[in-house]
Protein chains: 2
Amino acid sequence: MAGEESTLAPPGHLAVTTPARSLRGDLFDPSCPTRQLLDRVGSKWTSMVVKVLSSTGVDEVRFAELKRRMPGISQKMLAQTLRSLERDSLVERRVEATSPPRVHYRLTTLGASLDEPLAVLREWAELHMYEVEQAGSAWDNRVAHTQLLSEQP
Amino acid sequence: MAGEESTLAPPGHLAVTTPARSLRGDLFDPSCPTRQLLDRVGSKWTSMVVKVLSSTGVDEVRFAELKRRMPGISQKMLAQTLRSLERDSLVERRVEATSPPRVHYRLTTLGASLDEPLAVLREWAELHMYEVEQAGSAWDNRVAHTQLLSEQP
DNA sequence: CGGGATCCAATTTGATACTG
DNA sequence: CAGTATCAAATTGGATCCCG
């Protein structure tokens, strides 16, 4: 995920944050938009939050409900992921000032639009990842076999 | 990236590797195809290798040439990324037994097909990441400002 | 309830040096 | 040339405890 507080502007002048995109926008430079997107969707829970928020009937979901729909996530990671998404304007946060307070999350229009590319990725995964996994197992077996051979005295 | 040698089958029985996909294929379980794909494309150099191999005129590229086209990558990371992709059957490796040896890489059909979903992601990134970055800067400024206020004695 | 703050373990990446 | 091996640094994720 993007550094939580590491990106804070040095106090005293406003963050301009236009590092003069070095080359063309190639994947290797950190300011490349694709690289930045990949860093986000690659982080463990981001895509799932987007998916859950986009596939629910009601468009707002509360923190606890969200957590319940994502078995295995800790409060910390859920809060962290949500704040990252909020920072990116992909998610909106609404607080009901009751006691105890209720906090609702929803995708922004921008966030909702991200679900489409992710759906394409999901589709590819469902079509082809089985083949990838099979290839991986076969490769591992070949490696194990090779190692056994070279260990013979 | 998937563990390099951690996935080796215990010597003595073949790896069956069908962990009875726990629930539906939801993103949170490690055997979910989308999760596995995300782990791969999320790793730093994978997507770039796919892009470079898919966008070149000649369909085979040598190791050094590949490295030259990816400023910033180390030999180690390039080799590691390539072997991961080879393990996944997304890339094929061909060795010319000359001296010194020449090693050529190319995308498999499977690997080439992955470029399409990635292109969709790239397109979204180019359309919308600027907005995301702007939102991030604004958020950081708000946070910095809030902190300054709370620091007043 | 909805987090923030800490501490810690595991992974990932990078720099460097060595080799067939 | 095309790697492998090793070590150190940086990130990331998770477990916990605490708080309004």
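Each chain gets a letter, A, B and so on, in the order its sequence line appears, and its residues count up from 1.
- Counting to the nearest Å, the C1' atom of D/dG3 and the CD1 atom of B/I73 are 13 Å from each other.
- A/R94 is linked by a side chain to side chain contact (heavy atoms under 4.5 Å, CB included) to A/E60, A/E96, A/H104, counting only residues two or more places apart in sequence or in another chain.
- The salt bridge (charged side-chain N to carboxylate O under 4.0 Å, His left out) check on A/R102 picks up nothing, with sequence neighbours excluded.
- Of the candidates B/L85, B/L114, B/D88, B/R40 forms a side chain to side chain contact (heavy atoms under 4.5 Å, CB included) with just one, namely B/D88.
- Distance, B/L78 CG to C/dG14 P: 12 Å, rounded to whole Å.
- Residue A/R69 comes nearest to A/M48 through the heavy atom pair O-CE, 4.1 Å, listed as atom of the first residue, atom of the second, then distance.
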Please list each protein N or O that sits under 3.5 Å from an N or O in nucleotides 2-9 of chain C, with the distance.
{"residue": "C/dG2", "atom": "OP1", "partner": "A/R62", "partner atom": "NE", "Å": "3.1"}
{"residue": "C/dG2", "atom": "OP1", "partner": "A/R62", "partner atom": "NH2", "Å": "3.0"}
{"residue": "C/dG2", "atom": "OP2", "partner": "A/A64", "partner atom": "N", "Å": "3.0"}
{"residue": "C/dG3", "atom": "OP1", "partner": "A/R93", "partner atom": "NE", "Å": "3.3"}
{"residue": "C/dG3", "atom": "OP1", "partner": "A/R93", "partner atom": "NH2", "Å": "2.5"}
{"residue": "C/dG3", "atom": "OP2", "partner": "A/Y105", "partner atom": "OH", "Å": "2.4"}
{"residue": "C/dG4", "atom": "OP1", "partner": "A/R83", "partner atom": "NE", "Å": "3.3"}
{"residue": "C/dG4", "atom": "OP2", "partner": "A/R83", "partner atom": "NE", "Å": "2.9"}
{"residue": "C/dG4", "atom": "OP2", "partner": "A/R83", "partner atom": "NH2", "Å": "2.1"}

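- Going from atom CZ of A/R68 over to atom P of C/dC1 covers 12 Å, rounded to whole Å.
- When rounded to the nearest whole Å, the span between CG of B/D39 and P of D/dG13 equals 10 Å.
- Between B/K44 atom NZ and D/dA10 atom P there is a gap of 13 Å when expressed in whole angstrom units.
- For the pair A/R40 CZ and D/dT11 C1', the interatomic distance rounds to 15 Å; values are reported in whole Å.
- In this structure a side-chain-to-backbone donor-acceptor pair under 3.5 Å is missing from B/S89 to A/V132.
- Under the 3.5 Å distance criterion, with hydrogens and angles disregarded, no donor-acceptor pair is assigned to the side chains of A/S84 and A/T81.
- The hydrophobic clustering, which links ILVMFWY residues whose side-chain heavy atoms are closer than 4.5 Å, places A/F63 and A/V58 apart.
- Using five terminal pairs a side, the axes of the helix from C/dC1-D/dG20 to C/dG20-D/dC1 at its two ends make an angle of 40°, given in steps of 10 degrees.
- Taking the side chain to side chain donor-acceptor pair (under 3.5 Å) definition, one finds that A/R122 meets it with A/D115, sequence neighbours left out.
- Hydrophobic cluster membership of B/V120, counting Ile, Leu, Val, Met, Phe, Trp and Tyr whose side-chain heavy atoms lie under 4.5 Å apart directly or via other members: A/V120.
- For the pair A/M77 CE and D/dT11 P, the interatomic distance rounds to 15 Å; values are reported in whole Å.
- Rounded to whole angstrom, the span from the NZ atom of B/K67 across to the P atom of C/dG14 amounts to 11 Å.
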